[in-house]
Amino acid sequence: SAKGGSVSGGKNYKKNYILKSIFSAIGGVADSRKVKKIGVGVPCVVVDKRARRCFNIPVLEKIDLKKLLDKKYGAKVEIMNDTKAMLRYELWRNPALRKKRVLFIAWGTGIGSAFAVHGKIQEGPHGLAGEIGHSIICVDPVKGPRQWRGRRLRRLASNGVEGGKSLEDYAAGRIFQPKGKALWLQDLLNNKNSARAKLIFKKLGEGLGIGILNAIYHYDPDIIIIGG
């Protein structure tokens, strides 16, 4: 991600950096040919063809990508959530999935997910249907009233309760990452046989496993596809 020296300057820098990256990606695929259709997947809730509630890249909420790309390329532009776009491809590629309940989980720098029933991707009234990344995993006992102790799937931390971590925190490794050390995972992989590395991988797997198990109970899918 891009960083700026000031709040306003930082936002402008990030916006320009993101747009430059998008234009570069389109140019690389088009290879000087006329662009007729453009599909853009964004890590955001998409409402009325606009990126809303972009948890990890909030500057995208300020950019009307559809309008901007339509003007620049004169092409038909579709904006959708990135994980829903991945699930759409899987449904197109494999017709048999269109008869099933399918949960797609994208694991990258975080966790994204989308859910389809008989070929129809579920949106929900707020565009959040099937999204499990920001649900909360508590793998260790937490302080508080008895009903809060142990493991539960809600963001206890956001309510000021100690010990709550989201599924995305586990997927991105933020619960283990030393502050300010961006290459911590590579260091870990270089020492993968160490006791510390094995413990971290174990806890990482526990967190992801609990999140996926809860998703199974919530959505009762016929199949889960993990990509990223």
Side-chain angles (χ1 to χ4, degrees), residues 1-4 6-30 33-93 102-136 155 158 166-169 171-172 174 215 218-219 225 227-228:
S1 62
K3 295 182 179 180
S6 64
V7 174
S8 58
K11 288 181 178 179
N12 289 334
Y13 185 85
K14 288 181 180 180
K15 177 179 177 180
N16 293 335
Y17 178 85
I18 288 171
L19 291 178
K20 183 178 179 181
S21 299
I22 292 173
F23 298 153
S24 176
I26 293 173
V29 173
R33 293 170 294 183
K34 172 68 176 177
V35 177
K36 295 182 179 180
K37 296 181 180 180
I38 300 174
V40 182
V42 293
C44 314
V45 175
V46 176
V47 179
D48 296 328
K49 302 178 181 180
R50 285 286 303 269
R52 310 289 187 188
R53 300 188 67 183
C54 303
F55 299 102
N56 297 322
I57 313 178
V59 71
L60 283 173
E61 297 174 13
K62 308 295 183 182
I63 305 174
D64 189 340
L65 283 174
K66 186 179 187 307
K67 182 178 179 180
L68 190 153
L69 294 175
D70 183 39
K71 181 178 179 180
K72 182 174 177 65
Y73 296 99
K76 181 180 178 181
V77 179
E78 181 171 0
I79 309 294
M80 69 185 305
N81 172 267
D82 54 355
T83 308
K84 286 184 171 66
M86 296 179 200
L87 176 53
R88 176 184 283 189
Y89 170 75
E90 293 293 337
L91 295 171
W92 171 81
R93 187 177 67 91
V102 182
L103 179 65
F104 186 96
I105 298 175
W107 181 10
T109 54
I111 282 281
S113 58
F115 183 58
V117 178
H118 298 160
K120 183 175 177 56
I121 297 176
Q122 305 301 297
E123 295 286 349
H126 306 101
L128 290 169
E131 180 57 69
I132 65 173
H134 291 275
S135 56
I136 297 308
R155 180 135 200 173
S158 66
S166 72
L167 179 56
E168 182 139 316
D169 289 329
R174 285 191 289 268
H218 290 163
Y219 299 107
I225 301 173

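Since the model is a prediction, treat every value here as computed from it, not as a measurement.
Taking CD1 of Ile132 as the start and CZ of Phe115 as the end, the distance is 11.5 Å to the nearest 0.5 Å. Atom-to-atom distance recorded for Ile111:CD1 and Ile105:CD1 is 6.5 Å, nearest 0.5 angstrom. A distance of 13.0 Å separates NZ in Lys76 from NZ in Lys36, rounded to the nearest 0.5 Å.
Nearest approach of Gln122 to Lys120, heavy atoms of both residues: NE2-O, 2.9 Å.
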Between side-chain atoms of residues 78-86 and protein atoms elsewhere (two or more places apart, or another chain), which donor-acceptor pairs fall under 3.5 Å?
from, atom 1, to, atom 2, distance (Å)
Glu78, OE1, Arg88, NH1, 3.4
Glu78, OE2, Arg88, NH1, 3.2
Glu78, OE2, Arg88, NH2, 3.1
Asn81, OD1, Thr83, N, 3.0
Asn81, OD1, Lys84, N, 3.0
Asn81, ND2, Cys44, O, 2.9

When the side chains of residues 64-73 are checked against the rest of the protein, which donor-acceptor pairs come out under 3.5 Å, sequence neighbours left out?
from, atom 1, to, atom 2, distance (Å)
Asp64, OD1, Lys67, N, 3.2

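Residues Ile38 and Ile26 meet the side-chain proximity criterion, which asks for heavy atoms closer than 4.5 Å. Between Val102 and Leu87, the closest side-chain pair of non-hydrogen atoms falls below 4.5 Å.
Within a 6.0 Å sphere centred on CZ of Arg53, other residues, nucleotides and ligands contribute 12 heavy atoms or fewer. Within 6.0 Å of NE2 on His126 lie no more than 12 heavy atoms contributed by other residues, nucleotides or ligands.
Considering only residues two or more places apart in sequence or on other chains, Glu131 meets the salt bridge (Lys or Arg N to Asp or Glu O under 4.0 Å) condition with none of them. By the ring pair (Phe, Tyr, Trp, His ring centres under 6.0 Å) test, Phe23 is found to be paired with no residue, residues two or more places apart in sequence or in another chain being considered. Listed by chain and residue number, nothing satisfies the side chain to side chain donor-acceptor pair (under 3.5 Å) test with Arg33 (two or more places apart in sequence, or in another chain). The side chain to side chain contact (heavy atoms under 4.5 Å, CB included) test applied to Ile57 returns Ile18, Pro43, Val59, Leu60, not counting sequence neighbours.
A distance-only check finds a donor-acceptor pair linking the side chain of Glu61 to the backbone of Cys54 [under 3.5 Å]. Under a 3.5 Å cut-off, the side chain of Ser21 and the backbone N or O of Tyr17 do form a donor-acceptor pair.
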